[in-house]
Amino acid sequence: MTMNHRKGDVLGFDNGDVGGGSDVGEVILGLDGGATSTVCVCMPVLPVYNDPIPILARAVAGCSNHNSVGETAARDALEKVMEETILKSGSKRSAVQAVCLGVSGVNHPKDQERILNWLRDLFPSHTKLYVYNDAVAALASGTLGKLHGCVLIAGTGCISYGFTEDGREARAAGAGPVLGDWGSGYGIAALALTAVIRAADGRGPQTMLTNGILQSLGLSSPEELIGYLFSSKQYICHEIWI
């Protein structure tokens, strides 16, 4: 993934501070980005956090997985959701002390470094920046921030991630729809489509999925699935499972 954008060239990140600038103090942004949606929250920096943690603002955007929609659309979704959250909170970019992104599709240190380089262009030098796979964020959310244990995500894609107490980590799946999203919404939809085509070809039993899927997609025959699939690329499975 190569980040080609100019410095902050999306929405309100282009010039100066984003936000109304009201005195809400120092804040932190946290993002959870997947193949279906991206959520950003803004929280105040407090000496001690109580439960529940106060949320100043929350915003939602579309897919931010660069493997699914491409780097430009993924970055646009991330910038949009951060800008909207800062505006809603009444804060400004210079007040952001830390940004943590948990994003699906971050599978290698090179992915992390490229996104970090882009974030460094958007925020002041004092802002601490963190980029992880969204499975790490999911695990931390259930362990009060401690990376110890295992998490299993089955959404649009799927991944399992785990950490031992001494810091060792392991993961399985999370390789995308081509190399392995077994058990995910996408994977289940792909199996359903395969069953429809096999039934149409006479290589498999007839299935009630045929009428349901064709009706959902506005098609009249299984043969139309072929053109629909490759014109829509991988997003057809997303349409079916949601």
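Numbering of residues begins at 1 and proceeds along the displayed sequence. Model, not experiment: these values are computed from the prediction.
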Separation of C158 SG from L152 CG (nearest 0.5 Å) = 7.5 Å
In terms of heavy-atom contacts, G183 and A154 come closest through O-CB, 4.1 Å
Salt bridge between K80 and E84, side-chain N to carboxylate O under 4.0 Å?
-> no
Heavy-atom side-chain proximity of S37 to C63 below 4.5 angstrom = no
Distance (rounded to the nearest 0.5 Å) between I197 CD1 and I213 CD1 | 9.0 Å
Can you tell me how far the OG atom of S216 sits from the CG atom of L209, to the nearest 0.5 Å?
-> 11.5 Å
Does L119 reach the side chain of L101, with side-chain heavy atoms less than 4.5 Å apart?
-> yes
Taking atom CZ of R168 as the centre, does the number of heavy atoms from other residues, nucleotides or ligands within less than 6.0 Å exceed 12?
-> no
Smallest heavy-atom separation, G62 atom then T38 atom, equals O-OG1, 2.7 Å
Hey, are the side chains of H66 and T72 touching, using non-hydrogen atoms and a 4.5 Å cut-off?
-> no
Grab the two heavy atoms, one from L31 and one from V99, that are nearest each other, plus how far apart they are.
-> CD1-CG1, 4.1 Å
If you measure from OG on S91 to CE on M43, what distance do you get to the nearest 0.5 Å?
-> 12.5 Å
Is T143 reaching over with its side chain to a backbone N or O of H148, donor-acceptor style, under 3.5 angstrom?
-> no
Pairwise distance CD(E113) to CG(N117) - rounded to 0.5 angstrom | 4.5 Å
Drop me the distance from L78's CG to E83's CD, to the nearest 0.5 angstrom.
-> 13.0 Å
Identify the heavy atoms of P222 and A200 that sit nearest to each other, and give their distance.
-> CB-CB, 3.7 Å
Side chain proximity check, R171 to N133, heavy atoms < 4.5 angstrom = yes
Taking side chain as C-beta onward, heavy atoms only, is I115 less than 4.5 Å from W118?
-> yes
Would you indicate whether the side-chain heavy atoms of L225 and V196 approach each other to under 4.5 Å?
-> yes
